[in-house]
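To start, the structure under review is shown below, and the notes come after it.
Below, chain A is the first sequence line, B the second, and so on; all start at residue 1.
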There are 2 protein chains.
Amino acid sequence: MKAPNPNKPTVTAQDVARLAGVSRAVVSRALSNNGSVSPQSRARVEAAARQLGYQVNFLAQGLNRQRSQLIGVVVARLTDPFRSTLVNALLSAIQARGYQALVTEITDEQETGLSLRRFTQFRVSGVVVTSGQPPESIVRECIEHHIPVVGINRAQSGPSMDVVCSDNQAGAMLAASQLCAAGCQSFIWLNYQGSTWAGRVRGEAFRHALTVQGIAPEYLRELQAPQDGYEGGFLAAQHSNLLRPQATTGIFCANALLACGFLDSMRQQGKNAPTDFHLIGFDNTPQTAWESYQLTTIHQQVDELAAKALDCLRERARHPERAAQVIPVAVELVHRRTSPCVTEQTDTL
Amino acid sequence: MKAPNPNKPTVTAQDVARLAGVSRAVVSRALSNNGSVSPQSRARVEAAARQLGYQVNFLAQGLNRQRSQLIGVVVARLTDPFRSTLVNALLSAIQARGYQALVTEITDEQETGLSLRRFTQFRVSGVVVTSGQPPESIVRECIEHHIPVVGINRAQSGPSMDVVCSDNQAGAMLAASQLCAAGCQSFIWLNYQGSTWAGRVRGEAFRHALTVQGIAPEYLRELQAPQDGYEGGFLAAQHSNLLRPQATTGIFCANALLACGFLDSMRQQGKNAPTDFHLIGFDNTPQTAWESYQLTTIHQQVDELAAKALDCLRERARHPERAAQVIPVAVELVHRRTSPCVTEQTDTL
DNA sequence: TTGAAAGCGATACCAT
DNA sequence: ATGGTATCGCTTTCAA
């Protein structure tokens with residue numbers, strides 16, 4: 001058998017039942033508010049539970065219910081400020097709803113599937129994918145086990161996964177309008193090689209938004225950073241000769257880190273925003289608000305993303321068959337120094 | 001009873017046993033490499049398991065073993081770059097050792113205890129506290145349930161919790177030496193009101209280190225930011241008249257965010273490092289390396305902190321009775337622009 | 001309302 | 001080496 005716990009033996013529902021003078025069943029019902037229990041029994045159970053310091057064994061509970069109070073979260077490179085902000089919001093939302101977060105870090109898109117598998121082994125109540133693209137087959141496995149999967153800011157992975165996504169189109173449009181209103185006549189889209197899906201979508205949307213603004217395609221240049229992050233943006237600015245002398249250039253970046261790196265590198269070259277060019281980033285991470293950057297940026301409402309993602313899980317748990325949805329979340333343009341708010345002054349005359 | 005799964009019924013060890021023509025017991029042994037199994041049986045079990053796509057139910061496994069493959073992590077404000085870096089390292093280390101991370105975010109020191117309780121309900125294999133101070137009583141509860149608890153960068157919470165801690169004394173000494181060698185004659189210690197334990201220790205150690213360097217106490221001033229973070233540092237610099245005209249001031253900050261905010265605010269006032277003052281931060285977060293800051297800083301080896309924390313859990317699981325330890329992790333001075341490396345030139349003459 | 005009992009799925013002991 | 005079986009702790013059905 002098992003070695004008896006030499007210290008404090010675990011308190012079980014059985015112990016509570018004994019002390020309260022009722023059966024395990026009553027204890028279970030009383031404590032989980034399921035089924036009917038007389039007020040007196042309930043009181044006695046609660047008293048006994050408190051007295052013994054009883055705590056439900058979630059493993060046993062989950063085993064029986066075939067579902068744990070766990071929600072799986074997949075994330076990559078938590079050191080990226082936007083990701084940590086998002087995960088922070090997710091943790092809050094998850095706990096606010098009475099769940100616990102099971103977090104796995106992936107270093108490679110491939111690992112997403114493995115993470116999902118491990119989540120199912122814990123019978124999680126749902127999965128939130130914030131990085132990586134899970135193979136449709138594995139998502140289906142989850143669905144078959146009645147485990148809803150939702151992605152944040154990613155492409156739909158087949159017809160089984162819901163997605164909550166910041167409105168990249170609107171963001172690109174806001175950026176394009178702002179840059180045009182600010183008088184830019186030449187444009188650059190900055191992204192990195194092997195960008196995420198969201199980054200690519202933003203680029204496409206920016207191109208489209210410029211067209212809508214009446215900008216001819218030849219006035220948009222694409223700049224590929226050799227890598228992601230601050231360093232990528234920094235290098236991108238070094239390795240290219242950006243500015244046409246005649247026209248103010250408006251630059252839109254796939255994310256905040258790229259924008260910060262780009263800006264620093266440009267400054268090192270003696271060029272600054274908004275005098276020499278305009279710059280708008282995506283994400284509105286804390287650093288973009290710092291005095292040294294004051295970056296105009298597209299703000300993502302992370303709390304909203306998190307909340308909608310969890311709502312989505314709940315909904316899908318109820319209606320497993322319903323078609324997968326894409327739920328948009330509004331974005332906002334935050335005016336800061338690298339492309340200041342344009343007042344109506346041009347219309348004054 | 002339970003509603004039968006309408007889709008794919010869960011594959012259990014029983015199913016594998018049936019297909020392999022052996023008993024559940026053999027399946028368990030074969031798959032967990034426990035007990036003895038004939039090579040042939042093993043092969044058949046493995047084949048059957050693969051064929052059926054069998055996955056162990058961790059809930060059942062944990063219930064039986066009285067221990068899950070979970071490790072609890074307590075963290076606050078994940079948006080702080082140092083915290084997210086540390087948690088990132090912890091996640092990697094946890095997964096590298098075959099565990100899964102159960103993460104709880106606390107917004108208040110008080111919640112630490114509640115988090116630990118919930119961890120025990122999942123029969124976690126260990127707990128890592130990176131924020132907050134768990135009440136000694138609850139830590140003891142954990143220990144009594146054979147759940148080791150380790151803190152990172154915090155005070156020992158009674159005799160039951162091990163602690164892994166960056167060497168704040170050494171860090172302060174490195175900072176003091178550097179500032180002195182750079183010619184500073186007047187010093188400021190910048191921290192925020194209600195600082196963490198680590199911050200306070202660094203302050204004390206800095207004071208001591210200056211004494212060792214032969215600096216009289218009256219040349220050290222303490223500056224209290226009204227809050228933590230970038231904003232706190234920014235405000236601290238605004239609300240105080242820092243520099244004596246005669247002597248170069250050396251400033252040491254409790255953390256990186258304070259330092260960045262402080263630096264930006266000083267610049268706004270027309271003062272910059274290292275010309276007008278010297279500045280050294282703690283943590284070496286990614287942003288301190290950015291071109292706009294290039295902050296000289298004390299580097300914490302997060303991977304080392306994470307690795308030692310997990311080693312510690314393992315050790316304590318083996319020896320529950322052993323006295324609690326404090327395990328130091330070395331820090332390094334990273335020379336950057338706000339207090340550049342001092343060459344031997346002063347000795348040349 | 002209540003309690004007895006049948007699981008949930010896996011593990012480890014013990015006898016074979 | 002193998003299989004039967006008790007057990008981990010809780011939930012839920014079912015009959016009383």
Side-chain angles (χ1 to χ4, degrees), chain A residues 1-5 8-18 20-45 48-49 52-69 120-124 145-146, chain B residues 1-5 8-46 48-49 52-69 120-124 145-146:
Chain A
M1 255 331 60
K2 226 123 299 172
N5 190 319
K8 199 158 291 182
T10 316
V11 178
T12 78
Q14 183 63 267
D15 301 322
V16 177
R18 204 163 10 236
V22 295
S23 71
R24 294 202 308 268
V26 173
V27 173
S28 176
R29 283 179 219 137
L31 263 33
S32 58
N33 284 322
N34 261 0
S36 52
V37 180
S38 75
Q40 309 136 40
S41 296
R42 159 158 320 214
R44 309 195 54 181
V45 168
L52 296 174
Y54 171 72
Q55 325 234 123
V56 176
N57 180 328
F58 287 147
L59 262 21
Q61 184 184 71
L63 174 58
N64 184 292
R65 294 199 181 154
Q66 321 233 26
R67 192 101 308 162
S68 66
Q69 320 198 8
T120 67
Q121 296 186 269
F122 276 109
R123 300 292 187 267
V124 298
H145 290 289
H146 299 289
Chain B
M1 256 326 65
K2 226 124 299 176
N5 191 322
K8 200 158 286 180
T10 316
V11 178
T12 78
Q14 183 63 268
D15 302 322
V16 177
R18 206 165 7 239
L19 180 59
V22 296
S23 72
R24 292 198 303 272
V26 173
V27 173
S28 176
R29 283 179 224 136
L31 264 31
S32 58
N33 284 322
N34 260 0
S36 50
V37 180
S38 75
Q40 310 136 38
S41 295
R42 156 152 322 193
R44 311 195 52 181
V45 168
E46 280 166 356
L52 296 174
Y54 171 72
Q55 326 234 122
V56 177
N57 180 327
F58 286 147
L59 262 19
Q61 184 184 69
L63 174 59
N64 186 291
R65 293 198 182 154
Q66 322 234 27
R67 193 100 307 164
S68 66
Q69 319 197 10
T120 66
Q121 296 187 269
F122 275 110
R123 298 293 187 264
V124 298
H145 290 290
H146 300 289

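Between D:dT11 and A:Arg65, a contact under 4.0 Å exists linking OP1 or OP2 to a side-chain N or O. The phosphate of C:dT1 (OP1 or OP2) has a side-chain N or O of A:Ser36 nearer than 4.0 angstrom. Contact annotation: B:Asn57 side-chain N/O to C:dC8 OP1/OP2 distance is not under 4.0 Å. Taking side-chain N and O atoms only, B:Thr12 has no distance below 4.0 Å to OP1 or OP2 of C:dG9. Look at A:Ser38 and you'll find a side-chain N or O under 4.0 angstrom from OP1 or OP2 of C:dT2. Here B:Gln66 does not reach the OP1 or OP2 of D:dC8: none of its side-chain N or O atoms lies under 4.0 Å away.
Taking atom CG of residue B:Asp15 and atom C1' of nucleotide C:dA10, one finds them 13 Å apart after rounding to whole Å. Atom C1' of nucleotide C:dG9 and atom CG of B:Leu52 are separated by 15 Å, given to the nearest angstrom. One interatomic measurement links the two molecules: CD of A:Gln69 to C1' of D:dT11, which rounds to 13 Å at whole-angstrom precision. We find that CD of B:Gln14 is positioned 11 Å from C1' of D:dG3, with the value rounded to whole Å. To the nearest angstrom, C1' of C:dA10 lies 14 Å from CZ of A:Phe122. The distance from atom CZ of A:Arg123 to atom P of D:dG9 is 20 Å, rounded to the nearest whole Å. If you measure from atom CG of A:Leu59 to atom P of D:dT7, you get 20 Å, rounded to the nearest angstrom. In this entry the distance linking CG of B:Asn34 with P of D:dA1 reads 14 Å, nearest Å.
A residue-by-residue look at A:Ala13 and A:Arg29 shows that A:Ala13 has its nearest nucleotide of DNA chain D further toward the 5' end. The nearest heavy atom of DNA chain C to A:Val37 and to A:Arg24 marks one nucleotide each, and the one closer to the 5' end goes with A:Val37. If B:Arg42 and B:Leu63 are placed on DNA chain D by their nearest nucleotide, the residue sitting closer to the 5' end is B:Arg42.
Using modelled atom types, one finds a donor on one side chain and an acceptor on the other under 3.5 Å when comparing A:Gln61 with A:Gln69.
Contact annotation for B:Phe58: no contact, since no heavy-atom pair falls under 4.0 Å across all strands. Residue B:Val22 is classed as a sugar-phosphate contact, given heavy-atom separations below 4.0 Å to backbone atoms only.
Looking at the side chain of B:Ser41, the nearest of the listed nucleotides C:dG3, D:dG3, D:dA1 is D:dA1. You'll find that the side chain of B:Asn64 is closest to C:dA10, out of D:dG3, C:dA10, C:dT2.
At a threshold of 4.5 Å between non-hydrogen side-chain atoms, the residues A:Arg44 and A:Val22 do not count as touching. Put simply, the side chain of B:Leu19 reaches to within 4.5 Å of the side chain of B:Leu52, judged on heavy atoms.
Applying the side chain to side chain donor-acceptor pair (under 3.5 Å) test to pairs two or more places apart or on separate chains, those with a residue in residues 11-26 of chain B are B:Asp15-B:Arg18.
Results of the side chain to side chain contact (heavy atoms under 4.5 Å, CB included) test with B:Leu59 over A:Arg65, A:Arg67, A:Gln66, A:Arg123 single out A:Arg123 as the only residue that passes.
Without hydrogens or angle criteria, B:Ser68 side chain to B:Gly62 main chain gives no donor-acceptor distance under 3.5 Å.
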